[in-house]
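Throughout, numbering of the chain's residues begins at 1 and tracks the sequence. Order of listing sets the numbers, starting from 1, for every ligand and every atom in it.
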Amino acid sequence: MKSFDWVRSLKEQRPLIAPSLLAADFARLADEVRRVEDAGAKVLHVDVMDGHFVPNISIGVPVVASLRKVTKLPLDVHLMISDPARYAQPFIDAGADTLLFHIEAVPQPEALLESIRSKGAAPGLVLNPGTPVEAVLPYLDLCDLVLTMSVQPGFGGQAFKGEVLDKVRVLAKAVRGDTILSIDGGIGPDTVAAAAAAGIDLFVAGTAVFGADNYTERMNRLRDLARQQY
Ligand code: DX5
Ligand code: ZN
């Protein structure tokens, strides 16, 4: 199964730092988007939570639609919801470019991965820190992205779980060359290099970007630290 061309061109620009809007000021979202665009972001990470799959509620379809109006950057949409199949079409209609869902929510993910692709978005699987990498290995050919969680999903600002990098190393050997490997949770100046060395292409960073005084300086630093590992 071939990736979308834009996914391949994104991968060629690695290391990619994807600011996670969960850590942005929601009352000034368009402004925050402009600031990370100016800081060099090539992709934006959008966390969708349903209060059921994870114990928190965040962004929904209308917010993705509003984001779509203020940016041309790809929206990397991370569904932390129990029934991603039900909401795939609405999120894609709203402007999601990627749609990532959890293997724990959909243990037999083939049909949903294929349906996301047929609807025009790049499909990806996510695995929680406690989920063995074997759970996703049979489906890698259907994925344009594979996201390894390095914290328990639900909240920003948690400590990075370094042990998940063993799974990243396995994934790096197993995926097609054009698949984007991403990591989410606790990424910052102290952790980004280890993740890059393990084979990560795309680094989701919430607190590390939006908590910085200077977004440009912080994004450049994260990118430089990652690039040195390739
Ligand atoms: C957590 C979300 C993350 C979150 C990461 O469930 O999936 O995207 O924003 O936040 P930081 O970078 O602060 O750990
Ligand atoms: Zn996320």
Side-chain angles (χ1 to χ4, degrees), residues 15-26 29 32-33 35-36 39 41-60 63-64 67 73-82 84 87 91 96-105 121-131 136 143-165 167-168 180-196 200-213 215 218-219 221-223 225-226:
L16 296 155
I17 310 299
S20 175
L21 294 175
L22 188 64
D25 180 349
F26 281 2
L29 214 39
E32 294 276 60
V33 167
R35 286 179 70 196
V36 292
K42 301 281 187 284
V43 54
L44 297 174
H45 185 80
V46 181
D47 286 307
V48 175
M49 304 178 186
D50 65 355
H52 186 256
F53 181 73
V54 291
N56 196 6
I57 299 178
S58 58
I59 290 170
V63 177
V64 172
L67 285 167
L73 290 183
L75 298 175
D76 181 43
V77 177
H78 176 191
L79 299 179
M80 285 163 273
I81 64 178
S82 296
Y87 296 98
F91 276 106
D97 294 285
T98 78
L99 215 51
L100 313 179
F101 65 92
H102 278 252
I103 189 74
E104 301 84 9
L125 282 173
V126 190
L127 63 165
N128 277 341
T131 302
V136 299
C143 296
D144 280 354
L145 308 97
V146 182
L147 171 58
T148 301
M149 291 306 299
S150 38
V151 298
Q152 201 53 37
F155 299 91
Q158 302 180 71
F160 183 73
K161 292 178 183 292
E163 64 272 19
V164 306
L165 295 180
K167 294 192 280 187
V168 172
I180 293 180
L181 287 185
S182 49
I183 193 155
D184 187 1
I187 287 294
D190 295 337
T191 54
V192 70
I200 291 293
D201 308 301
L202 185 155
F203 306 81
V204 176
T207 314
V209 171
F210 290 102
D213 290 335
Y215 294 179
R218 179 56 57 87
M219 298 239 336
R221 173 135 175 78
L222 293 173
R223 236 186 334 256
L225 287 163

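Below 4.0 Å from some heavy atom of Gly185 lie the following atoms of ligand 1, by number and element: 14 (O). Atoms of ligand 1 found under 4.0 Å from any heavy atom of Pro153 (numbered from 1 in listed order, with element): 6 (O). Of all atoms in ligand 1, numbered sequentially from 1 with element shown, those under 4.0 Å from a heavy atom of Ala205 are 12 (O). Taking a cut-off of under 4.0 Å to the non-hydrogen atoms of Met80, the atoms of ligand 1 that pass are 6 (O), 7 (O). Close contacts of ligand 1 with Ser20, meaning ligand atoms under 4.0 Å from a residue heavy atom, involve 4 (C), 8 (O), 9 (O). The His45 neighbourhood of ligand 1 comprises atoms 8 (O), with distances under 4.0 Å to a heavy atom of that residue. Proximity to Gly154 (heavy-atom distance under 4.0 Å) selects the following atoms of ligand 1: 1 (C), 6 (O). Taking a cut-off of under 4.0 Å to the non-hydrogen atoms of His78, the atoms of ligand 1 that pass are 7 (O).
Regarding atom 10 (O) of ligand 1, its nearest protein heavy-atom neighbour is Gly156 CA, 3.5 Å. With hydrogens left out, the protein atom closest to atom 11 (P) of ligand 1 is Gly157 N, 3.7 Å, a heavy atom. Of the protein's non-hydrogen atoms, Gly206 N, 2.8 Å is the one closest to atom 12 (O) of ligand 1. Counting protein heavy atoms only, atom 13 (O) of ligand 1 is closest to Thr207 OG1, 2.4 Å.
A heavy-atom distance below 4.5 Å is found between the side chains of Leu22 and Met49. Annotation: side chain of Val33 is in contact with side chain of Leu21 (closest heavy-atom distance under 4.5 Å). Looking only at side-chain heavy atoms (C-beta outward), Phe210 and Asp25 stay at 4.5 Å or farther from each other. Inter-residue side-chain proximity for Val146 and Leu127 is flagged as met; some heavy-atom pair is nearer than 4.5 Å.
In plain terms, the two heavy atoms of Ala205 and Leu222 that are nearest each other are CB-CD1, 4.3 Å. In terms of heavy atoms, Ile187 sits closest to Thr191 at CA-OG1, 3.3 Å.
Remark: Arg221 CZ is loosely packed, at most 12 non-hydrogen atoms of other residues, nucleotides or ligands lying under 6.0 Å away.
One option in Phe210, Phe203, Phe155 has a heavy atom closer to atom 1 (C) of ligand 1 than any other, and that option is Phe155. Residue Asp184 holds the heavy atom nearest to atom 5 (C) of ligand 1 of all those in Asp184, Leu21, Ile187, Thr191. The residue from Leu147, Val48, Asp47 that puts a heavy atom closest to atom 8 (O) of ligand 1 is Asp47.
There is no side-chain donor-acceptor pair under 3.5 Å between Thr98 and Asp144.
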Worksheet entry | Test log, rule side chain to side chain donor-acceptor pair (under 3.5 Å), inputs Asp184 and Ser20 | CA-CA 9 Å; Asp184 187 1; Ser20 175; 5.4 Å; no
Practice prompt. List the steps, then state whether side chain to side chain contact (heavy atoms under 4.5 Å, CB included) holds for Phe101 with Leu125.
Written response: CA-CA 5 Å; Phe101 65 92; Leu125 282 173; 3.7 Å; yes
Worksheet item: Can Asp76 and Leu147 be said to form a side chain to side chain contact (heavy atoms under 4.5 Å, CB included), step by step?
Response: CA-CA 11 Å; Asp76 181 43; Leu147 171 58; 5.8 Å; no
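In terms of polar-atom proximity, Val204 is not counted as a contact of ligand 1, lacking any N or O under 3.5 Å from an N or O of the ligand. Below 3.5 Å of separation, one finds an N or O of Gly186 facing an N or O of ligand 1.
Checked against Val48 for a side-chain contact (heavy atoms from CB on, under 4.5 Å), the options Leu99, Leu79, Val54 give a single hit: Leu79.
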Donor-acceptor pairs under 3.5 Å, side chain of residues 155-165 to any protein atom, not counting sequence neighbours: which ones?
{"unit_1": "Gln158", "atom_1": "NE2", "unit_2": "Gln152", "atom_2": "O", "d": "2.8"}
{"unit_1": "Gln158", "atom_1": "NE2", "unit_2": "Phe155", "atom_2": "O", "d": "2.9"}

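Between His45 and His78, the ring planes are tilted. Angles from 30° to 60° get that label.
Of all protein N/O/S atoms, those lying under 2.8 Å from the Zn ion (ligand 2) come to 4.
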